[in-house]
Number of protein chains: 2
Amino acid sequence: MTKDLLKKNILKNVPFSKSALEEFCSYFYEKSIHKKAFVLVQGEVCKFEGFVLSGCFRIFSIDKKGNENTLYFATKDWWLMDIDSFMNQSPSVLNIQALEDSQVLLIDRKDKLALYETQPAVEKLFRVMSQKALIAWQRRLISSNSLTAKERYHKFLTTYPDISSKVSDRQIASYLGITHEFLSKLKKQKK
Amino acid sequence: MTKDLLKKNILKNVPFSKSALEEFCSYFYEKSIHKKAFVLVQGEVCKFEGFVLSGCFRIFSIDKKGNENTLYFATKDWWLMDIDSFMNQSPSVLNIQALEDSQVLLIDRKDKLALYETQPAVEKLFRVMSQKALIAWQRRLISSNSLTAKERYHKFLTTYPDISSKVSDRQIASYLGITHEFLSKLKKQKK
DNA sequence: GAAAAAAGTTGAACTTGTTCAACACTCTTA
DNA sequence: TAAGAGTGTTGAACAAGTTCAACTTTTTTC
């Protein structure tokens with residue numbers, strides 16, 4: 001069954017009765033995304049939440065100076081959305097792009113909002129997931145302010161070995177908040 | 001009533017029945033914190049969540065090099081905790097210190113966890129608050145990577161005018177991720 | 001109200017990271 | 001299979017931000 005990965009992921013966060021889990025998952029539909037295709041484009045309003053079955057995505061924004069800023073990467077077993085645009089129904093400042101041919105499970109915003117009301121476990125699930133995500137962002141901001149680019153690079157490599165092997169150095173640099181030229185120089189130093 | 005501010009803050013996020021709100025709030029107890037006193041010290045496990053009634057707090061960590069990194073400031077109407085330590089019951093990497101004589105309302109972790117189970121509205125409240133906080137952290141990380149120190153400084157001044165008037169330049173610098181000497185030079189440039 | 005401590009300022013030398021331009025390399029894709 | 005686009009590397013000049021030390025001003029404390 002194609003939704004096994006999703007179910008496992010959910011149960012890692014909160015307990016669900018078999019029937020509640022089945023019902024919740026029934027609202028997700030599968031979608032294939034080709035390499036380089038966009039799931040969400042800056043300016044659009046985000047009307048879905050996604051869960052990655054396979055492949056890899058990059059979530060990034062482009063600032064006024066034209067520089068790309070990668071917020072995060074999402075591979076298998078990660079969740080995917082622009083939560084700012086999703087919650088406030090405002091134009092997204094983020095792009096979500098597939099870095100390779102990928103499969104996702106999507107749930108529509110209106111379905112998710114309805115499930116909050118009818119299924120207490122769904123409310124709990126996203127409370128727990130949001131709090132865990134919050135912790136991750138806080139840790140990242142601390143790293144970003146207290147570590148040098150070189151330290152951040154090595155931390156990224158060891159924290160996400162699967163991701164670092166999939167994405168290009170340019171993209172890693174934009175995640176770290178440095179230029180790709182400088183990353184290239186850092187890698188040389190290492191040896 | 002001393003809990004009016006808390007009630008208003010809650011109702012800004014989600015609807016509560018009068019009785020549910022009354023019950024939830026009954027678990028909060030008031031505490032006075034003297035200037036410079038710590039509500040939480042790095043290494044301790046966080047067993048409470050707090051809501052600021054008056055005064056001002058700084059939430060910061062000290063890294064291996066001995067540098068302070070300010071994660072955020074909390075004044076009246078803000079929430080207060082180390083969510084990482086609270087959720088995982090791991091030693092906190094954060095310090096929470098009063099910058100002036102302050103009043104907070106605290107709720108114990110065990111009470112909060114129990115309320116998640118008995119009051120669906122509490123679950124929803126923290127789901128919504130966590131998601132809003134998540135949005136704020138994402139925005140901050142984008143700023144931190146795409147703006148210069150000078151731009152970040154002005155953004156901070158305009159986003160939190162009440163806070164910037166209360167805290168010292170050293171503390172603002174540690175929030176911005178720069179040295180206080182450099183901030184002093186930035187301020188000079190402005191004129 | 002004096003002494004001590006903390007906060008802010010300035011300058012010079014230094015380190016970290018950027019910019020721009022040139023070149024080599026590897027994929028696509030026609 | 002040639003062309004083109006994207007990726008990685010390198011160097012030189014430059015800009016952003018740090019470090020350390022000295023000094024002034026403000027705030028705290030006894």
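Keep in mind that what you see is a predicted model, and the values were worked out from it rather than measured. Proteins get letters first, then strands, A, B, ... in listed order; numbering begins at 1 in each.
Among dT9(C), dT10(D), dT10(C), the nucleotide with an atom closest to any side-chain atom of Lys188(B) is dT10(C).
Among the protein residues, Lys35(A) comes within range of the sugar-phosphate backbone only, with heavy atoms under 4.0 Å from sugar or phosphate atoms but none that close to a base.
Other residues, nucleotides and ligands contribute over 12 non-hydrogen atoms within 6.0 Å of the NZ atom of Lys65(B). The number of heavy-atom neighbours closer than 6.0 Å to NZ of Lys76(B), taken from other residues, nucleotides and ligands shown, is 12 or below.
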Derivation of the side chain to side chain contact (heavy atoms under 4.5 Å, CB included) call for Gln42(B) and Phe60(B): CA-CA 9 Å; Gln42(B) 205 156 346; Phe60(B) 67 100; 5.7 Å; no

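A straight line from NE2 of His34(A) to P of dT29(C) spans 11 Å, rounded to a whole angstrom. Summarising the geometry, the separation between CD on Glu100(A) and P on dT7(D) is reported as 14 Å, rounded to the nearest angstrom. We find that NZ of Lys36(B) is positioned 13 Å from P of dT27(D), with the value rounded to whole Å. Computed from coordinates, the Lys187(B) NZ to dA7(C) C1' distance equals 10 Å when rounded to whole Å. Following rounding to the nearest Å, Asn69(B) (CG) and dT18(D) (C1') show an atom-to-atom distance of 16 Å. Residue His180(B) contributes atom NE2, which lies 15 Å from atom P of dA22(D) at whole-angstrom precision. Arg170(B) has its CZ atom 13 Å from the C1' atom of dT25(D), to the nearest Å. Look at CD on Gln189(A): it is 13 Å from P on dT9(D), rounded to the nearest Å.
Ion pair Asp77(A)/Lys12(A) flagged as a salt bridge, since at least one NZ, NE, NH1 or NH2 atom sits closer than 4.0 Å to an Asp/Glu carboxylate oxygen. Salt bridge annotation for Lys47(B)-Asp108(B): absent, with no cationic side-chain nitrogen under 4.0 angstrom from a carboxylate oxygen. In this structure, Glu100(A) does not pair ionically with Arg58(A), as no charged nitrogen and carboxylate oxygen lie closer than 4.0 Å.
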Footprint string (nucleotides 15-26 of chain C, 5' to 3'): B base within contact, S backbone only, - free, heavy atoms under 4.0 Å: --BBBB------

